[in-house]
Amino acid sequence: MSTPITSTRGRNRRGEIVLELRALFRRKLPYKDWPGSWERVASDMAKAAGVGVARVRCHRNTWDYLASQVPDHKDGGSTPTSVVDNVFRAPAEEDIISEAEGLVTVPLAGSTLAAVMHFCANIQDWPYVPNRAYNELDKAIGRRVGAAISEALQNVVPAAGASGPEAVVYLDDKITAEDATT
């Protein structure tokens, strides 16, 4: 029986990739601790509400999930009820820009961005108030989306009469390890 011949170079490269991926997964991700506190969420919602137009860049499936969940999301009580007076307004389909690989750019009014953030925070488990209306996948999506909005809002400042770039929320993480598939 013959033994497969493997090059030391190939084994070393695979080892380097494994170490890079381990380091990547040990790094504290920006959404791990989101939402943090309700005060933080309330502050970010107020910032979001002041934005004229924000562009959310994500996969079509992510947008479809948000568009279907945000308008009628449930509170964290044991008997979920619909949120009353929700301000979420999905843009017209013709205003959504389709891109390669299923990505879309969705223009949202600031009040709608605030409603998305409210949804993302509201579905989380809070101390002493577990949210049984949503599963861990919903909560993970909410943490990721909420953290991305919060991160985008860090650079937003009130600017009466001033103009500047639109707020852009990116939900399109990339793998940073070089050639991770070999």
Side-chain angles (χ1 to χ4, degrees), residues 27-92 95-97 103-173:
R27 190 178 74 207
K28 186 174 180 179
L29 300 171
Y31 46 86
K32 183 173 176 18
D33 295 328
W34 193 89
S37 69
W38 188 252
E39 290 78 21
R40 176 183 174 187
V41 172
S43 174
D44 282 348
M45 285 191 301
K47 274 188 185 177
V51 172
V53 176
R55 304 216 174 268
V56 177
R57 186 172 188 266
C58 61
H59 193 275
R60 168 61 80 170
N61 292 351
T62 303
W63 170 246
D64 289 346
Y65 170 83
L66 292 170
S68 69
Q69 293 294 312
V70 175
D72 296 314
H73 72 276
K74 312 295 184 225
D75 70 18
S78 57
T79 54
T81 56
S82 289
V83 173
V84 184
D85 297 328
N86 199 316
V87 297
F88 179 85
R89 301 286 182 268
D95 293 334
I96 298 173
I97 300 168
L103 294 175
V104 293
T105 298
V106 184
L108 296 181
S111 58
T112 297
L113 189 65
V116 172
M117 178 161 265
H118 182 258
F119 162 77
C120 292
N122 199 40
I123 67 172
Q124 302 305 313
D125 291 325
W126 290 90
Y128 312 108
V129 187
N131 189 331
R132 293 180 181 91
Y134 290 89
N135 64 37
E136 290 305 312
L137 178 58
D138 293 314
K139 293 172 187 179
I141 293 169
R143 268 191 312 278
R144 181 61 188 93
V145 173
I149 294 170
S150 185
E151 185 178 337
L153 292 172
Q154 286 179 6
N155 297 321
V156 172
V157 293
S163 64
E166 293 177 339
V168 179
V169 179
Y170 291 98
L171 294 169
D172 184 23
D173 292 342

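With contacts defined as side-chain heavy-atom distances shorter than 4.5 Å, the pair W63/I96 qualifies. Proximity of I97 to V104: side-chain heavy atoms (C-beta onward) are nowhere separated by under 4.5 Å. Under the 4.5 Å side-chain criterion, counting only non-hydrogen atoms from C-beta, Y65 is not in contact with T62. Residues L66 and F88 are not in side-chain contact: their nearest non-hydrogen atoms beyond the backbone lie 4.5 Å or more apart.
When all heavy atoms of P107 and D95 are compared, the closest pair comes out as CD-O, 3.3 Å. For the residue pair R57 and L103, the shortest heavy atom distance occurs at NH2-CD1, 3.3 Å. The two residues L108 and V116 have their closest heavy-atom pair at CD1-CG2, 4.5 Å. Here the closest non-hydrogen pair linking A115 and V70 is O-CG1, 3.8 Å.
Checked against side-chain hydrogen bond (donor to acceptor under 3.5 Å, both in side chains), S43 has no partners two or more places apart in sequence or in another chain. Partners of D125 according to the salt bridge (Lys or Arg N to Asp or Glu O under 4.0 Å) rule, which considers only residues two or more places apart in sequence or in another chain, are K139.
Going from atom CG of D44 over to atom CD of Q154 covers 8.0 Å, rounded to the nearest 0.5 Å. Atom CD1 in I141 sits 10.0 Å away from atom CZ in R143 (nearest 0.5 Å). In this structure, CG in D138 is found 9.5 Å from CD in Q124, a value given to the nearest 0.5 Å. Note that the CD atom of Q69 and the SG atom of C120 stand 11.0 Å from one another [nearest 0.5 Å]. With rounding to the nearest 0.5 Å, the separation of CH2 in W34 from CZ in R40 is 7.5 Å. In this structure, M45 CE and M117 CE are separated by 8.0 Å, a value rounded to the nearest 0.5 Å.
For residues 115-124, the set of pairs meeting the salt bridge (Lys or Arg N to Asp or Glu O under 4.0 Å) definition, not counting sequence neighbours, is empty.
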